[in-house]
Amino acid sequence: MVRDLRAALVGRRIDAVEVLRPDVLRVPVAEVLPALLVRQHVVGVDRRGKFILIQLDSGEHLMVHLGMTGHLLATSPDAPVAPHTHLRARLDDGSELRFDDTRRFGRVAYGSTAALEDARALPRLGLEPLTDAFSQEAFDSMMRRTTRTVKAALLDQAGVAGLGNIYIDEACFAAGIRPTRRCNRLTRAQRAGLRAAIQDVLLTAIDNRGSSVDDYRDVWNARGSNQEALQVYGRAGEACFACGTVLRRTVVAGRTTVYCPHCQR
DNA sequence: ACCTACCTGGCC
DNA sequence: GGCCAGGTAGGT
């Protein structure tokens with residue numbers, strides 16, 4: 001998403017902003033957001049975990065979290081406006097950036113990263129799994145000192161940033177580890193396998209432009225193809241691609257979890 | 001280290 | 001009507 005947003009936004013000037021649903025805005029109050037954004041240029045787009053940071057020439061950021069059902073779309077201003085569109089920004093190339101989010105679990109905020117952290121709009125996030133910070137040493141020390149299940153630990157964005165329900169189940173399958181296993185009980189080899197699997201699963205998903213299992217769409221409203229590569233997510237009751245065993249559904253850390261009882265121990 | 005609430009919509 | 005859904009915050 002961030003790579004697509006860079007292509008759509010970097011160098012653009014914001015000409016007009018309309019907040020249709022003020023309560024998706026964390027900080028500041030919605031009434032002042034248009035005045036803060038208008039006439040600024042987008043200088044970059046970054047990401048911390050699942051938080052998208054659109055950097056403006058003031059040095060501040062428009063921060064967006066998509067929640068479960070959020071979209072950021074670059075579109076023509078004339079295109080039909082999706083239901084639950086909460087924010088519209090007109091850009092100097094005649095295009096429009098829109099944020100829509102049916103369930104309103106997503107969030108928008110504006111400010112410096114320090115201000116966003118102070119306002120608790122941007123929480124403390126853990127290791128970025130596709131950077132050098134995600135070393136085996138760092139991952140091991142995190143995993144060795146918690147008794148939580150693997151599923152719960154990986155859902156916690158303060159440990160590893162950016163993993164969600166789909167990719168955790170996929171990484172556990174790729175590593176042959178049941179999501180119900182306790183972190184501190186994994187062997188060194190299992191931790192190494194899990195770390196590699198996390199990186200693999202994420203890189204594949206990015207190559208495939210995301211998992212459009214349901215309503216994920218890219219910035220140009222196109223579907224990704226990674227839903228076709230998923231091995232376990234959404235496949236409970238179906239046969240494991242590796243061994244044919246029926247995949248099992250359970251609830252771990254409050255989330256639906258699917259695994260192969262034969263391939264995953 | 002859990003557990004529930006927050007929302008809307010689709011499906012049975 | 002009840003159950004389920006890519007997530008996180010705030011409570012205990």
Side-chain angles (χ1 to χ4, degrees), chain A residues 1-2 20-27 47-52 63-73 82-87 99-109 116-126 129 142-173 179-185 198 201-202 204-206 208-219 221-237 249-258:
Chain A
M1 274 236 62
V2 165
L20 293 91
R21 182 87 200 201
D23 55 323
V24 300
L25 241 201
R26 282 293 177 84
V27 279
R47 177 187 67 70
R48 291 194 188 177
K50 300 172 189 168
F51 292 80
I52 296 163
M63 189 202 83
V64 180
H65 191 295
L66 298 175
M68 300 262 250
T69 52
H71 298 117
L72 274 175
L73 298 177
H84 309 289
T85 295
H86 306 314
L87 186 77
F99 171 66
D100 72 82
D101 181 17
T102 303
R103 291 177 71 182
R104 276 185 279 134
F105 289 172
R107 282 294 175 267
V108 178
L116 292 169
E117 285 165 4
D118 287 348
R120 277 184 288 181
L122 182 59
R124 194 170 49 82
L125 295 167
M142 184 196 108
M143 297 295 277
R144 272 198 313 251
R145 66 173 185 248
T146 180
T147 60
R148 308 163 88 180
T149 60
V150 169
K151 178 83 179 213
L154 296 182
L155 281 167
D156 184 354
Q157 303 294 299
V160 180
L163 296 172
N165 204 28
I166 295 179
Y167 300 131
I168 293 169
D169 280 10
E170 293 299 310
C172 285
F173 175 78
T180 47
R181 289 287 303 278
R182 300 281 157 180
C183 293
N184 60 331
R185 296 291 184 69
I198 287 168
V201 158
L202 290 176
T204 299
I206 293 165
N208 289 335
R209 303 192 54 78
S211 301
S212 296
V213 171
D214 196 3
D215 47 14
Y216 173 72
R217 296 294 183 275
D218 71 14
V219 169
N221 206 25
R223 304 171 68 97
S225 65
N226 198 62
Q227 63 281 7
E228 295 158 28
L230 299 178
Q231 302 292 299
V232 287
Y233 179 85
R235 299 195 63 245
R249 176 196 189 273
T250 164
V251 175
V252 188
R255 309 297 301 277
T256 289
T257 299
V258 183

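Any value given below was found using the heavy atoms of this structure, including those in side chains, with hydrogens, waters and symmetry copies removed.
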Sorted by chain and number, sequence neighbours left out, side-chain hydrogen bond (donor to acceptor under 3.5 Å, both in side chains) with Arg107(A) holds for none
Arg185(A): salt bridge (charged side-chain N to carboxylate O under 4.0 Å, His left out) partners, not counting sequence neighbours: none
Please enumerate all residues that pass salt bridge (charged side-chain N to carboxylate O under 4.0 Å, His left out) together with Asp101(A), with sequence neighbours excluded. none
What pairs of nitrogen or oxygen atoms, one from the protein and one from nucleotides 4-8 of chain B, lie under 3.5 Å apart?
{"from": "dC7(B)", "atom 1": "O3'", "to": "Arg104(A)", "atom 2": "NH2", "distance (Å)": "2.6"}
{"from": "dC7(B)", "atom 1": "O2", "to": "Arg103(A)", "atom 2": "NE", "distance (Å)": "2.8"}
{"from": "dC7(B)", "atom 1": "N3", "to": "Arg103(A)", "atom 2": "NH2", "distance (Å)": "3.3"}
{"from": "dT8(B)", "atom 1": "OP1", "to": "Arg104(A)", "atom 2": "NH2", "distance (Å)": "2.4"}
{"from": "dT8(B)", "atom 1": "O3'", "to": "His84(A)", "atom 2": "NE2", "distance (Å)": "3.2"}

Give me the distance, rounded to whole Å, that separates dA1(B) from dG6(C) when you measure between the P atoms they each carry. 23 Å
Please name all residues satisfying salt bridge (charged side-chain N to carboxylate O under 4.0 Å, His left out) with Arg235(A), sequence neighbours left out, ordered by chain then number. Glu238(A)
Across the strands shown, which category fits Arg107(A) at heavy-atom distances under 4.0 angstrom: base, sugar-phosphate, nothing? nothing
Dot-bracket for DNA chain B, please, read 5' to 3', with Watson-Crick or G-U wobble pairs under 3.5 Å on both distances, ( ) within the strand, [ ] crossing, | other strand, . unpaired. ||||||.|||||
Of Thr69(A) and Leu122(A), the one whose closest nucleotide on DNA chain C sits nearer the 5' end is Thr69(A)
Base, sugar-phosphate or nothing for Tyr167(A)? Non-hydrogen atoms, less than 4.0 Å. nothing
Tell me, do Ile52(A) and Leu72(A) make a side-chain contact under 4.5 Å, heavy atoms counted? yes
Anti versus syn assignment for dG7(C), with syn defined as within 90° of 0: anti
So, are Asp215(A) and Arg217(A) salt-bridged, with charged N and O less than 4.0 Å apart? no
How would you give the extent of chain A contacts on DNA chain C, as first and last nucleotide 5' to 3' within a 4.0 Å heavy-atom cut-off? dA5(C) to dA9(C)
Name all residues meeting the side-chain hydrogen bond (donor to acceptor under 3.5 Å, both in side chains) criterion together with Asn226(A); count only those two or more places apart in sequence or in a different chain, and write none if there are none. Asn208(A), Ser211(A)
Qualifying salt bridge (Lys or Arg N to Asp or Glu O under 4.0 Å) pairs, either residue in residues 152-167 of chain A, two or more places apart: Arg148(A)-Asp156(A)
Kindly write out the residues that satisfy salt bridge (charged side-chain N to carboxylate O under 4.0 Å, His left out) with Asp100(A), not counting sequence neighbours, or none if the list is empty. none
dT8(C) versus dG10(B) - spacing of their P atoms, nearest Å: 23 Å
Those residues at least two apart in sequence (or on a different chain) that pass side-chain hydrogen bond (donor to acceptor under 3.5 Å, both in side chains) with His84(A) are none
Answer with base, sugar-phosphate or nothing: what part of the nucleic acid does Arg217(A) contact at a heavy-atom distance below 4.0 Å? nothing
Atom NE2 of His71(A) and atom P of dG9(B) are separated, to the nearest Å, by 14 Å
For Tyr167(A), check ring pair (Phe, Tyr, Trp, His ring centres under 6.0 Å) against everything at least two apart and list the hits. none
Does Asp214(A) reach a base, just sugar-phosphate, or nothing at all? Heavy atoms under 4.0 Å. base
